[in-house]
There are 2 protein chains.
Amino acid sequence: MAKKSTRGPERERRREDALTRERIVDAAIALLDADGEDGLTFRALAASLATGPGAIYWHVTNKGELLVAATDAVVARTMGEVRGSTRPHEAIHRIALGVFDAIEAHPWVGAQLSRAPWETAMLRIYERLGRQVEALGVRGRAQFTAASTLLGYVIGVSVQNATASQFARRELAPSTNRVDFLEAAAARWSELDAREYPFTRSVAAHLPGHDDRKEFLAGIDLILAGIAGRPISSSAT
Amino acid sequence: MAKKSTRGPERERRREDALTRERIVDAAIALLDADGEDGLTFRALAASLATGPGAIYWHVTNKGELLVAATDAVVARTMGEVRGSTRPHEAIHRIALGVFDAIEAHPWVGAQLSRAPWETAMLRIYERLGRQVEALGVRGRAQFTAASTLLGYVIGVSVQNATASQFARRELAPSTNRVDFLEAAAARWSELDAREYPFTRSVAAHLPGHDDRKEFLAGIDLILAGIAGRPISSSAT
DNA sequence: ACCTGAACACCGTTCAAGT
DNA sequence: ACCTGAACACCGTTCAAGT
């Protein structure tokens with residue numbers, strides 16, 4: 001991806017304040033977490049590393065690559081922290097919640113995963129989910145479909161959830177608590193035009209007392225039920 | 001949302017070249033479709049409307065609002081064009097494919113839906129899916145879960161698919177056709193580290209000959225099977 | 001009421017010059 | 001090899017001035 005900063009046993013300049021790709025990525029993550037996506041600026045990053053913007057370009061090709069690297073670092077750490085389980089169903093829950101919580105904690109990760117879904121970060125998640133699909137007994141081509149469906153759902157809902165949370169925290173007074181927020185949303189849904197939005201109106205009553213993470217897992221369970229209900233094997237290619 | 005340009009029977013300046021919110025949004029959509037998200041610039045937009053950037057700000061609060069309006073216009077049109085069906089299963093397929101194709105045709109719509117999921121555009125899709133969930137016989141709180149799961153999956157997969165297509169068209173030579181692209185992707189997956197990515201490697205063989213839209217619908221069917229397999233009703237709130 | 005376009009503050013990125 | 005920081009090209013947005 002980028003120029004390696006160490007190739008072979010060259011001049012060992014191990015000053016502890018040396019600028020490395022790793023330090024840059026860590027600083028970028030800190031900025032991203034603190035000030036959101038707009039907070040990551042080459043000037044701000046340079047300031048936090050006590051250099052000029054140009055210095056960063058020696059280690060990193062451009063801003064896009066920096067975002068990819070930051071995202072991959074967070075996702076790799078997250079996947080590493082997910083506890084395993086002998087029961088595939090439970091293991092899938094844990095992987096899914098790991099992603100969900102990571103994106104909630106770092107909303108920019110969600111945006112980045114949608115922007116560059118072919119990068120390693122996405123593959124890491126896919127691999128983890130896929131192994132459990134295999135453990136579930138799914139075989140052949142159906143593995144591919146099952147894992148892809150889970151991945152699409154997990155990323156999609158996690159991103160939407162994180163964006164909505166951000167909105168709740170920012171647009172509304174940050175003091176507004178979750179209960180009040182859900183009630184406000186329910187009130188808004190109830191005021192929608194009765195002819196255009198009959199379903200949304202009727203379902204508004206279920207909004208308060210609603211738990212995002214539980215709802216998220218309920219969706220996973222729907223997919224898992226669908227997977228289990230199908231002919232579970234078929235010969236490979 | 002913004003200042004209305006007509007309120008009451010004021011001065012009727014119906015010159016056909018008058019700047020209206022509608023014309024601005026249409027021009028924005030054209031720019032977005034032609035040059036992607038980066039193509040929408042207040043300067044470029046002003047040029048295409050033969051005015052200065054400042055003029056646009058009289059009709060539209062800022063760029064964010066413009067993106068919201070453009071997205072809503074595309075989604076509203078898309079939902080209007082979806083053919084109905086007496087069979088809920090089929091109706092859901094059509095709604096889902098409508099969204100899928102719209103985002104493939106206008107990738108910026110996908111990015112925007114992820115960025116502001118609480119806007120009307122998302123509600124339009126939710127409402128359509130929800131009605132069919134109702135038609136499926138789901139009752140009470142389960143309606144909420146089923147509709148939300150479908151929405152999360154549909155948006156998530158559509159966005160990922162559109163971004164991947166863009167990547168294929170841009171990064172690879174645009175001449176590369178779909179078959180070659182899938183084979184290249186499969187080759188890449190097969191070269192992954194065997195210890196870290198056993199599942200992804202093993203599933204690479206299924207990548208060629210893979211049809212995105214069919215795979216997308218297969219995922220929908222998994223969810224629908226899950227919905228059907230559950231206790232289908234429960235008393236309302 | 002509505003439009004014009006210069007000006008402001010801020011970006012990502014480059015690059016000649018340093019060590 | 002690696003860093004510095006001014007400079008370039010470009011943005012979103014504002015606003016005094018026009019009609």
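Order of the sequence lines sets the chain letters (A, B, ...), proteins ahead of strands, with each chain counted from 1. Since this is a predicted model, take the numbers as computed values, not measurements.
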With A:Ser190, which residues qualify under side chain to side chain contact (heavy atoms under 4.5 Å, CB included), at least two apart?
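For A:Ser190, the residues satisfying side chain to side chain contact (heavy atoms under 4.5 Å, CB included) (neighbours in sequence not counted) are A:Ala204.
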Counterpart residues, side chain to side chain contact (heavy atoms under 4.5 Å, CB included), relative to B:Thr71 (two or more places apart):
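If we apply the side chain to side chain contact (heavy atoms under 4.5 Å, CB included) test to B:Thr71, skipping adjacent residues, the hits are B:Val75, B:Trp108, B:Val109, B:Gln112, B:Leu113, B:Ala121.
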Listed by chain and number, what are the side-chain hydrogen bond (donor to acceptor under 3.5 Å, both in side chains) partners of B:Ser158, not counting sequence neighbours?
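With sequence neighbours excluded, B:Ser158 shows a side-chain hydrogen bond (donor to acceptor under 3.5 Å, both in side chains) to no residue whatsoever.
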Output all residues satisfying ring-ring contact (aromatic ring centres under 6.0 Å, His included) with A:Tyr197, sequence neighbours left out; order by chain, then residue number.
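Listed in chain order: nothing, the list is empty.
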Go through the structure and list residues passing ring-ring contact (aromatic ring centres under 6.0 Å, His included) with A:Phe100, not counting sequence neighbours.
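Per chain and number, A:Phe100 pairs via ring-ring contact (aromatic ring centres under 6.0 Å, His included) with A:Phe216.
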Separation of atom [atom1] in [X] from atom [atom2] in [N], rounded to whole Å:
X       : N      : atom1 : atom2 : result
A:Arg23 : D:dC2  : CZ    : C1'   : 14 Å
B:Asn62 : D:dT13 : CG    : C1'   : 9 Å
A:His59 : D:dC2  : NE2   : P     : 7 Å
B:Ile56 : C:dC2  : CD1   : C1'   : 14 Å

Applying salt bridge (Lys or Arg N to Asp or Glu O under 4.0 Å), name anything that partners [X], two or more places apart in sequence or on another chain.
X        : answer
A:Asp101 : A:Arg213
A:Arg43  : none
A:Arg94  : A:Glu90
B:Asp33  : none

For DNA chain D, report each stem as range with range, ordered by first number, or say none. Use Watson-Crick or G-U wobble pairs under 3.5 Å, at least 3 in a row.
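So far as stems of 3 or more pairs are concerned, DNA chain D shows C:4-8 with D:12-16, C:12-16 with D:4-8.
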Which residues in residues 35-50 of chain A have at least one heavy atom lying under 4.0 Å from any atom of DNA chain C?
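Here the set is A:Leu40, A:Thr41, A:Phe42, A:Arg43.
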Among A:Pro117, A:Ser148, A:Ser114, which residue satisfies the side chain to side chain contact (heavy atoms under 4.5 Å, CB included) criterion with B:Gln160?
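The single option meeting the side chain to side chain contact (heavy atoms under 4.5 Å, CB included) with B:Gln160 is A:Pro117.
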Restricting to nitrogen or oxygen on both sides, can you table the protein-nucleotides 14-19 of chain D pairs closer than 3.5 Å?
none

